[in-house]
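Just so it is clear, the values below take in all heavy atoms, side chains as well, and ignore hydrogens, waters and symmetry mates. One-based numbering, in listed order, for ligands and for the atoms of each. For clarity, every value in this text was computed on a predicted model and none was experimentally measured.
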Amino acid sequence: MLMRDLFDKIYKDKGPLGKWAEQAEGYFVFPKLEGPISNKMKFKGKEVITWSINDYLGLANHPEVRKVDAEAAVKWGSAYPMGARMMSGHTDLHEQLQRELAAFVSKEAAYLLNFGYQGMVSTIDALVSKDDVIVYDVDAHACIIDGVRLHLGQRFTYKHNDMESIEKNLQRATKVAEKTGGGILLISEGVFGMRGEQGKLKEIIELKKKYNFRFFVDDAHGFGTLGKTGAGAGEEQGVQDGIDVYFATFAKSMASTGAFIAGDEEIMNYLKYNLRSQMFAKSLQMVLVEGALKRLDMLRTMPELKEKLWENVNALQGGLKKRGFDIGTTQSCVTPVYLKGSIPEAMALVKDLRENHGIFCSIVVYPVIPKGLILLRMIPTASHNLEDIEETLEAFSSIRERLENGTYKRLSAAVAEAMGEKI
Ligand SMILES: Cc1ncc(COP(=O)(O)O)c(C=O)c1O
């Protein structure tokens, strides 16, 4: 067989999303939202209501948060501390933040991660060895899938949130583990970020009575938004104790960068000495640590932020349902709107929303969701108001009418031709 240049395939095929770059970049993908992070920002010079930012509690641009971030930057610069935690980058404030996070999510201990994505990959890697078996949801976030990819042993996916499939795969995993002498790690999300459903944490934990497994939950979208105190999906479902390893990122409710895991002290101590993404990477900067302490304090002491968030979530989701929109089976702040149409129609529709209605939301199409479906994904936050919601609902009714009467089909014919796609 003739060998080829490594880059040949890249020159030929840009990948499922990359192939749209020419038509989509700068507008549908890699758009530039400008101005302070809030309910309204600027897109291509025009003001738009932003529904695509995971700043659930509206902390990103909160004056108290901005003040602490700025003061910490003056005090520490952006470098401090230098080196990995294990070697030279460890501080009292890192430990304090871990203690406070652990207490907030009702676990014995916590450990900081520089980024959620890498931290998830690394935690999965550290928790399993080749004799162990991983069982995980087929709709899991990419960071879970990548963590599982590192696993040298067996892994089984179950149908999304499907208890029958979970049980069947636990039985398969048990058979394997009985042969290898290993254990089972089951991984779910607290909230699935695309469709907004909560993971079936309660039912899964119930299965611990029948099967021997440990439960790892990625609660990126649940932390700060769900549960009486905001401790997430486990608290919401009354089963926080049954989660063996809890994960949340600072990239959403906490409006920052960084993440953490929490669980029993002995397990966190093990991870402290075995998490390769932390052992071999620079410590989380002090600006982020001090910023996280402030944000966590606000989560604890300002319940009105979460109340405002949910007032907006209920108004948006209730309004959409009242107008007959299909918002699927969301059980969280994540608000998907499903419409039927081709990719070029979706592009024309989003352009209309942005240019003529001043509404900016994320658009998801095939191959992320089935062909023929358009998913407009909205993230309400505490910084939105009822006026934003009313305006958005009106705009959605208008675009649905235009979608149904074929306006976008006509508008998109030229786009479709350019893309070589039939609509
Ligand atoms: C479910 C889930 N897990 C993990 C991550 C990664 O977190 P980070 O942005 O901190 O890398 C994200 C995205 O932010 C996410 O949505």
Side-chain angles (χ1 to χ4, degrees), residues 29 37 51-57 59-60 97-98 101 105 110-127 134 136-150 157 160-161 185-201 204 215-226 231-234 236 243 245-262 275-278 281-285 287-289 291-292 295-296 299 330-336 362 364 368-369 375 377-381:
V29 293
I37 297 169
W51 293 108
S52 60
I53 291 173
N54 297 312
D55 180 24
Y56 285 118
L57 300 174
L59 293 183
L97 177 57
Q98 287 173 177
L101 285 165
V105 298
Y111 201 68
L112 291 174
L113 308 162
N114 293 357
F115 292 98
Y117 197 111
Q118 291 166 11
M120 274 302 289
V121 171
S122 195
T123 305
I124 296 170
D125 177 47
L127 286 173
I134 299 178
Y136 66 107
D137 195 292
V138 73
D139 277 0
H141 189 268
C143 64
I144 297 174
I145 294 170
D146 284 0
V148 173
R149 276 184 185 169
L150 289 180
T157 52
H160 174 60
N161 251 353
L185 180 68
L186 199 153
I187 312 172
S188 173
E189 291 181 40
V191 171
F192 288 85
M194 208 54 86
R195 295 193 254 184
E197 295 141 343
Q198 286 182 40
K200 296 226 162 120
L201 312 188
I204 291 172
F215 193 24
F216 184 13
V217 174
D218 173 343
D219 201 22
H221 290 272
F223 182 80
T225 68
L226 291 179
E236 175 84 18
I243 297 173
V245 183
Y246 178 89
F247 162 96
T249 170
F250 297 161
K252 303 187 195 288
S253 282
M254 294 274 275
S256 184
T257 300
F260 72 97
I261 37 174
L275 267 184
R276 294 169 67 81
S277 69
Q278 296 308 118
K282 187 177 177 296
S283 171
L284 195 67
Q285 298 100 303
V287 176
L288 300 176
V289 173
R295 288 156 170 82
L296 183 58
L299 255 69
T330 181
Q331 301 162 308
S332 67
C333 309
V334 176
T335 305
S362 304
V364 185
V368 183
I369 56 167
L375 164 54
R377 180 175 171 267
M378 290 194 279
I379 303 287
T381 73

(message) Salt bridge check, Asp139 against Arg195: does any charged N sit closer than 4.0 Å to a carboxylate O?
(response)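 Salt bridge: yes.
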By number and element, which atoms of ligand 1 are closer than 4.0 Å to a non-hydrogen atom of [X]?
X	result
Ala251	9 (O), 10 (O)
Thr249	7 (O), 8 (P), 10 (O)
Ala220	1 (C), 2 (C), 3 (N), 15 (C)
Cys143	3 (N), 4 (C)
Tyr117	6 (C), 7 (O), 8 (P), 11 (O)
His221	16 (O)

(message) Could you walk me through whether Tyr111 and Gln98 satisfy the side chain to side chain contact (heavy atoms under 4.5 Å, CB included) test, starting with their C-alpha distance in whole Å, then the side-chain angles of each, then the deciding distance to 0.1 Å, before giving a yes or no?
(response) CA-CA 6 Å; Tyr111 201 68; Gln98 287 173 177; 3.3 Å; yes
No-hydrogen, no-angle side-chain donor-acceptor test under 3.5 Å, [X] and [Y]:
X	Y	answer
Asp218	Tyr246	no
Glu189	His221	no
Ser277	Ser122	yes

For [atom], what is the closest protein heavy atom, and at what distance to 0.1 Å?
atom	value
atom 13 (C) of ligand 1	Lys252 NZ, 3.2 Å
atom 1 (C) of ligand 1	Asp218 OD2, 3.3 Å
atom 12 (C) of ligand 1	His141 NE2, 3.4 Å
atom 8 (P) of ligand 1	Gly116 N, 3.4 Å

(message) Are more than 12 heavy atoms, taken from residues, nucleotides or ligands other than Ile145, located less than 6.0 Å from that residue's CD1 atom?
(response)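 Result for CD1/Ile145: enclosed.
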(request) Measure Met120 to ligand 1 on non-hydrogen atoms and call it side chain, backbone, both or neither using the 4.0 Å cut-off. (result) neither
(request) Answer side chain, backbone, both or neither: which part of Ala259 comes under 4.0 Å from ligand 1, heavy atoms only. (result) neither
(message) Are Phe260 and Phe223, when compared by the centres of their aromatic rings, separated by less than 6.0 Å?
(response)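 For Phe260 and Phe223, the ring centres are under 6.0 Å apart.
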(request) With ring pair (Phe, Tyr, Trp, His ring centres under 6.0 Å) as the test, would you mind laying out the steps for His141 and Phe192 before giving the verdict? (result) CA-CA 8 Å; His141 189 268; Phe192 288 85; over 10 Å; no
